[in-house]
Amino acid sequence: MEVKARAPGKIILSGEHAVVHGSTAIASSIDLYTYVSLRFPTPSDNDDALRLQLKDVGLEFSWPIGRIKEALSEKDIPNSAVPTSCSIESLRSLAALVDELKIPEAKIGLGAGVLAFLWLYSSIQGYKPATVVITSELPLGSGLGSSAAFCVALSAALLSFSDSVNLDLSHQGWLTFGESELELLNKWAFEGEKIIHGKPSGIDNTVSTYGNMIKFKSGSLTRIKTNMTLKMLITNTKVGRNTKALVAGVSERTLRHPEAMASVFNAVDSISTELATIIQSPAPDDLSLTEKESKIEELMEMNQGLLQCMGVSHASIETVLRTTLKYKLASKLTGAGGGGCVLTLLPTLLSGTVVDKVTSELESCGFHCLTAAIGGNGVEICFGDSS
Ligand SMILES: Nc1ncnc2c1ncn2[C@@H]1O[C@H](COP(=O)(O)OP(=O)(O)O)[C@@H](O)[C@H]1O
Ligand SMILES: C[C@@](O)(CCOP(=O)(O)O)CC(=O)O
Ligand SMILES: [Mg+2]
């Protein structure tokens with residue numbers, strides 16, 4: 001029996017970083033997914049290893065299952081119903097296993113993902129041999145939430161073969177979880193994100209779990225019902241960066257300038273609140289669609305300015321901002337910044353010719369533009385053949 005899970009990536013429309021410090025943020029899922037397939041060997045396979053294939057980076061690892069048990073020997077019997085943080089001791093023992101893998105220096109960021117995998121696997125499934133295969137449509141480490149999609153899809157696949165969820169194994173095609181199961185899965189995914197990000201707000205795993213658009217503040221979500229279609233151009237600067245380091249940098253700046261940064265976070269909170277009001281306001285209300293879009297553009301520019309104050313912009317991001325401004329289009333970074341992806345609002349009345357021109361100018365700078373549908377389902381699973 002095999003299970004396949006898929007979880008979407010996300011864009012943050014406003015409030016990244018500030019959300020880690022308690023401000024409101026708005027995020028939406030996108031139709032680019034990470035897929036995790038999980039298969040247990042049959043007794044005749046006589047296989048006693050846990051195998052992990054990371055297809056996107058062309059790497060494959062395996063551990064005799066006894067080595068993982070040994071590394072986590074002080075741990076209680078795994079309980080998939082109780083999301084548990086990885087202790088410092090367990091993290092140290094698992095990190096020693098990951099060190100042995102000799103991951104190439106250029107791909108060293110993957111170590112954190114492998115650590116999160118080992119923690120989630122052993123906590124939810126215990127010490128059983130299995131093969132786990134991961135593929136993704138998301139660029140890794142670019143601000144589109146690949147780490148969260150990885151943790152959410154992994155938690156979904158692992159939980160679907162646990163005692164903690166009750167699913168119809170004969171269902172054909174993609175299947176969603178019930179509310180309490182989603183809550184459990186989201187909590188496990190958050191534990192994985194903590195290993196990858198250090199201090200995540202939880203917005204990325206939450207939007208990947210539930211899908212659509214959400215307002216998120218201090219760990220709690222409000223689902224947003226959109227009353228307008230937002231179209232965004234996503235430009236990947238292809239400048240690599242690491243969310244953990246950027247989040248830590250903002251926290252250090254906050255320690256150095258607590259009052260100034262509190263004002264910055266407060267301003268971001270107001271921007272996100274106003275953005276949510278605009279997006280949710282009834283379609284034919286006193287603000288026309290064009291007026292709504294102009295307000296959103298202004299809020300995006302203001303948010304970008306505040307992200308610069310936090311120290312997470314980058315020369316490549318500034319190039320995207322300048323380029324899109326030539327076409328009177330507003331942009332902001334999305335995710336952790338420091339490179340990665342930039343969002344540009346494409347207003348409803350914008351002509352296709354302008355979109356083509358701005359795209360080709362951005363691509364001539366060496367960037368990669370993509371369009372992704374905003375919103376859509378959160379995590380889903382499929383038993384058997386999921387093609
Ligand atoms: N498909 C994947 N295969 C392997 N590792 C992944 C995958 N997706 C995410 N990761 C892990 O997540 C890390 C990137 O997370 P992060 O720096 O938060 O950027 P983002 O979440 O914006 O893509 C990678 O370095 C890796 O450890
Ligand atoms: C910067 C932050 O707000 C979002 C990070 O997103 P990403 O990993 O860059 O896709 C961090 C967080 O909220 O946990
Ligand atoms: Mg991430």
Side-chain angles (χ1 to χ4, degrees), residues 6-27 29-30 32-37 52-61 98 103 106-118 120 132-154 189-190 192-208 214 216-219 221 234 236-237 239-251 265 268 272 303 307 310-312 314 333-343:
R6 67 170 189 190
K10 59 92 231 261
I11 51 173
I12 297 186
L13 294 163
S14 71
E16 49 276 271
H17 287 290
V19 67
V20 176
H21 301 268
S23 302
T24 308
I26 314 291
S29 60
I30 53 175
L32 296 174
Y33 300 87
T34 292
Y35 298 84
V36 172
S37 83
L52 173 65
Q53 297 178 15
L54 301 176
K55 294 281 189 193
D56 307 290
V57 290
L59 291 176
E60 223 177 296
F61 308 112
V98 174
I103 297 176
K107 296 178 178 172
I108 206 68
L110 291 173
V114 178
L115 262 180
F117 163 77
L118 287 172
L120 293 176
V132 177
V133 182
I134 309 214
T135 56
S136 187
E137 293 159 357
L138 292 160
L140 271 50
S142 303
L144 300 184
S146 79
S147 60
F150 175 90
C151 294
V152 171
L154 188 57
F190 183 60
E193 270 280 84
K194 271 161 69 179
I195 296 175
I196 301 176
H197 274 196
K199 195 190 167 205
S201 64
I203 190 170
D204 286 8
N205 50 281
T206 301
V207 75
S208 180
I214 64 164
F216 190 88
K217 186 184 169 85
S218 305
L221 90 147
I234 303 174
N236 187 355
T237 61
V239 173
R241 82 305 167 279
N242 168 302
T243 300
K244 188 174 185 175
L246 286 150
V247 169
V250 174
S251 292
F265 296 145
V268 174
S272 296
N303 193 174
L307 285 158
M310 294 177 214
V312 295
H314 184 268
L333 69 84
T334 190
C341 288
V342 180
L343 297 179

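Numbering of ligands and ligand atoms starts at 1, following listing order.
The minimum heavy-atom distance linking Ala7 with Ala153 is given by the pair CB-N, 3.7 Å. When all heavy atoms of Lys107 and Val57 are compared, the pair lying nearest together is NZ-O, 2.9 Å. Across Leu138 and Ser146, no two heavy atoms sit closer than the pair CD1-CA, 3.9 Å. Between Ser142 and Arg241, the shortest heavy-atom distance links the atoms C-NH2, 3.9 Å. Minimum heavy-atom separation, Thr206 to Phe216: OG1-CE1, 3.5 Å. Between Leu144 and Ile11, the shortest heavy-atom contact is CD2-CG2, 4.0 Å.
Nearest protein neighbour of atom 13 (O) of ligand 2, counting heavy atoms only, is Ser201 OG, 2.6 Å. Considering only non-hydrogen protein atoms, atom 12 (O) of ligand 1 sits nearest to Ser147 CB, 3.5 Å. From the protein, the heavy atom lying nearest to atom 8 (O) of ligand 2 is Thr243 OG1, 2.9 Å. Here the protein heavy atom with the shortest distance to atom 9 (C) of ligand 1 is Ser146 OG, 3.2 Å. Nearest protein heavy-atom contact of atom 3 (O) of ligand 2 is His17 N, 3.0 Å. Counting protein heavy atoms only, atom 5 (N) of ligand 1 is closest to Leu110 CD2, 3.5 Å. Atom 27 (O) of ligand 1 has Gly109 O, 2.9 Å as its closest protein atom, hydrogens excluded (heavy atom only). Of the protein's heavy atoms, Ile12 CD1, 3.9 Å lies nearest to atom 4 (C) of ligand 2. Scanning the protein for heavy atoms near atom 1 (N) of ligand 1, the closest one is Asp56 OD2, 3.1 Å. In terms of protein heavy-atom proximity, atom 13 (C) of ligand 1 is nearest to Ile196 CG2, 4.1 Å.
Of the heavy atoms in Leu144, only backbone atoms (N, CA, C, O) come closer than 4.0 Å to ligand 2. Within the 4.0 Å heavy-atom criterion, the part of Arg241 lying near ligand 2 is the side chain and not the backbone. Only the side chain of His197 comes within 4.0 Å of ligand 2, judged by heavy-atom distances.
Residue Gly113 has at least one nitrogen or oxygen atom sitting less than 3.5 Å from a nitrogen or oxygen atom of ligand 1, judged on distance alone. Note: an N/O pair closer than 3.5 Å links Thr243 and ligand 1 by distance alone. Considering backbone and side-chain atoms alike, His197 places an N or O below 3.5 Å from some N or O of ligand 1. In terms of N/O distances under 3.5 Å, ligand 1 is approached by Gly143. Checking only distances, Gly141 does come within under 3.5 Å of ligand 1, N or O to N or O.
Close approach to Pro200 involves these atoms of ligand 2, each under 4.0 Å from a residue heavy atom: 14 (O). Annotation for ligand 2: atoms under 4.0 Å from non-hydrogen atoms of Asp204 are 5 (C), 6 (O), 7 (P), 8 (O), 10 (O). If you number the atoms of ligand 2 from 1 as listed, the ones under 4.0 Å from a heavy atom of Gly145 come out as 10 (O). The Ile203 neighbourhood of ligand 2 comprises atoms 13 (O), with distances under 4.0 Å to a heavy atom of that residue. Counting atoms of ligand 2 from 1 in the listed order, those under 4.0 Å from a heavy atom of Gly335 are 6 (O), 9 (O). Taking every heavy atom of Val20 and a limit of under 4.0 angstrom, the matching atoms of ligand 2 come to 11 (C), 12 (C), 13 (O). Residue contact check: Lys10 has heavy atoms under 4.0 Å from atoms 6 (O), 7 (P), 10 (O) of ligand 2. Within ligand 2, counting atoms from 1 as listed, the ones closer than 4.0 Å to a heavy atom of Val19 are 3 (O), 13 (O).
Within the structure, ligand 1 has Arg241 among the residues with a heavy atom less than 4.0 angstrom away. The shortest heavy-atom distance from Gly335 to ligand 1 is not under 4.0 Å. The closest approach between a heavy atom of Val57 and any atom of ligand 1 is not below 4.0 Å.
His314 and Thr237 form no side-chain donor-acceptor contact under 3.5 Å, judged by distance and modelled atom types alone. Side chains of Ser136 and Thr34: a donor-acceptor N/O pair is present below 3.5 angstrom, by distance only. Between the side chains of Glu193 and Ser147, at least one donor N or O lies within less than 3.5 Å of an accepting N or O.
Using a cut-off of 2.8 Å, one finds that Ser147 contributes an N/O/S atom close to the Mg ion (ligand 3).
Nearest N/O/S atom of His197 with respect to the Mg ion (ligand 3) is recorded as NE2.
Arg6 forms no cation-pi arrangement with Tyr35, by the criterion of a distance under 6.0 Å to the ring centre and an angle within 45° of the ring axis.
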